[in-house]
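Structure first, commentary second.
Remember, it's 1-based here, ligands and their atoms both numbered in the order they're listed. Hydrogens, waters and symmetry mates play no part in the numbers below; they use all other heavy atoms, side chains included.
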Amino acid sequence: MHEISPNHPRYQSLILREKMAKAYQEGILADTALIAHGRGEAFDYILGEKTNPPAIEAIKTGISAMLLAENPIISVNGNTAVLSAEDIVDLARLIPAAIEINLFYRTPQRVEKIERLLKEAGAKKVLGKEGDDYVPIPGLEGPRSRAHPEGINRADVVLVPLEDGDRAQSLVASGKKVITIDLNPLSRTAQTASITIVDNVVRAMPLMIKELKKLKHCSRKQLTEIVNEYDNNKNISKTLDIIYHHFKQDVQS
Ligand code: PTJ
């Protein structure tokens with residue numbers, strides 16, 4: 001570990017890097033997790049490393065959809081667990097929603113480590129463990145197609161931060177509402193999901209919890225209106241406009 005000065009202009013970003021590097025050394029993360037993180041960092045940089053208005057709108061809609069759901073669930077992979085374990089547990093408790101481990105690069109050792117991380121963060125029940133029952137998600141092969149019968153399989157709304165495109169597509173195709181958090185507005189996941197929050201998971205999750213506390217008092221009718229008024233393609237276009245203007249300003253200045 002290197003000593004990082006809080007005065008460093010990229011302090012937050014460097015702290016997250018160190019956290020990810022340590023988790024990789026501990027065997028919690030997949031071999032390519034740091035590449036995925038780096039791609040996220042690049043997009044975060046061009047988004048101004050802040051939560052932009054379209055993300056706020058998507059957060060509000062995503063929380064409304066989770067509150068309206070009969071069986072909401074949060075699908076957790078290695079990167080999300082390392083970056084946001086406490087927030088995942090808090091959000092799941094407050095909605096309330098189930099938590100299921102679902103890994104792209106699944107190994108029994110990683111599943112156990114991620115389960116431990118979630119339990120240490122306060123999770124009472126975690127689905128998708130090694131010995132657990134599972135059914136395949138139609139259209140997907142291998143370990144990443146696993147869906148717990150009481151979890152993702154029967155869920156109507158799934159929050160899947162940092163997801164891979166195939167899986168997001170398959171979940172949508174099986175009739176589920178998919179909410180994702182992805183810094184890349186052009187990724188297949190971002191383009192396929194029902195509600196795409198283009199933001200860093202470390203900023204989006206606390207904001208989701210804050211929004212939940214506000215929306216919890218709304219009627220089902222009000223929540224339904226929020227969901228029905230939302231247009232994901234328009235929302236992503238607004239984010240792309242922000243990126244475009246960001247570049248344009250930089251070129252002109
Ligand atoms: O733990 P596993 O085995 O399930 O593997 C997880 C990874 C993330 C390695 C795997 O799903 C993967 O390879 O994902 P991709 O296809 O690289 O997609 C990751 C997406 O997340 C990319 O679009 C990144 O821009 C985005 N991303 C990376 N870091 C963040 C992020 N989005 C939000 N917040 C981040 N911190």
Protein residue, atom and distance nearest to [atom], heavy-atom basis:
atom: atom 4 (O) of ligand 1; result: Phe104 N, 2.7 Å
atom: atom 15 (P) of ligand 1; result: Arg39 NH2, 3.7 Å
atom: atom 18 (O) of ligand 1; result: Glu163 O, 4.0 Å
atom: atom 6 (C) of ligand 1; result: Asn77 ND2, 3.7 Å
atom: atom 34 (N) of ligand 1; result: Val201 N, 2.9 Å
atom: atom 11 (O) of ligand 1; result: Leu162 O, 3.8 Å
atom: atom 36 (N) of ligand 1; result: Asn200 OD1, 2.9 Å
atom: atom 12 (C) of ligand 1; result: Ala36 CB, 4.5 Å

Return yes if a side-chain donor-acceptor contact under 3.5 Å exists between Asp182 and Ser187, otherwise no.
yes

- Message: Between Asp199 and Thr51, do the side chains contain a donor N or O and an acceptor N or O under 3.5 Å apart?
- Response: yes

Going by the order shown, which atoms of ligand 1 are within less than 4.0 Å of some heavy atom of [X]?
X: Asn184; result: 23 (O), 25 (O)
X: Asp199; result: 33 (C), 34 (N)
X: Gly78; result: 1 (O)
X: Leu83; result: 36 (N)

Looking at Leu34, Leu183, Val76, the heavy atom closest to atom 30 (C) of ligand 1 belongs to Leu183

Ranking Thr180, Asp182, Val82, Leu186 by closest non-hydrogen atom to atom 24 (C) of ligand 1, top hit is Asp182

Which of Val135, Ile101, Asn153, Leu127 passes side chain to side chain contact (heavy atoms under 4.5 Å, CB included) with His148? Answer is Leu127

Which of Ile74, Ile73, Leu171 passes side chain to side chain contact (heavy atoms under 4.5 Å, CB included) with Val160? Answer is Leu171

Please tell me whether [X] and [Y] are part of a single hydrophobic cluster in this structure, the criterion being side-chain heavy atoms less than 4.5 Å apart.
X: Leu159; Y: Leu83; answer: yes
X: Ile195; Y: Ile59; answer: yes
X: Met208; Y: Leu183; answer: no

Asp164 versus ligand 1: do any nitrogen or oxygen atoms come within less than 3.5 Å of each other? no

Item to complete: Please state whether Arg110 comes within less than 4.0 angstrom of ligand 1, counting heavy atoms only.
Response: yes

Requested in this report: May I ask whether Val202 has any heavy atom positioned less than 4.0 angstrom from an atom of ligand 1?
Outcome: no

Between the CD atom in Glu100 and the CG atom in Leu118, the distance rounded to the nearest 0.5 Å is 12.0 Å

- Test: Arg116 and Glu120 ion pair at under 4.0 Å: no

So for Thr189 against ligand 1, with non-hydrogen atoms under 4.0 Å, the contacting part is neither

task = Ignoring hydrogens and angles, tell me if any N or O in the side chain of Thr80 forms a donor-acceptor pair with the backbone of Val76 under 3.5 Å.
result = no

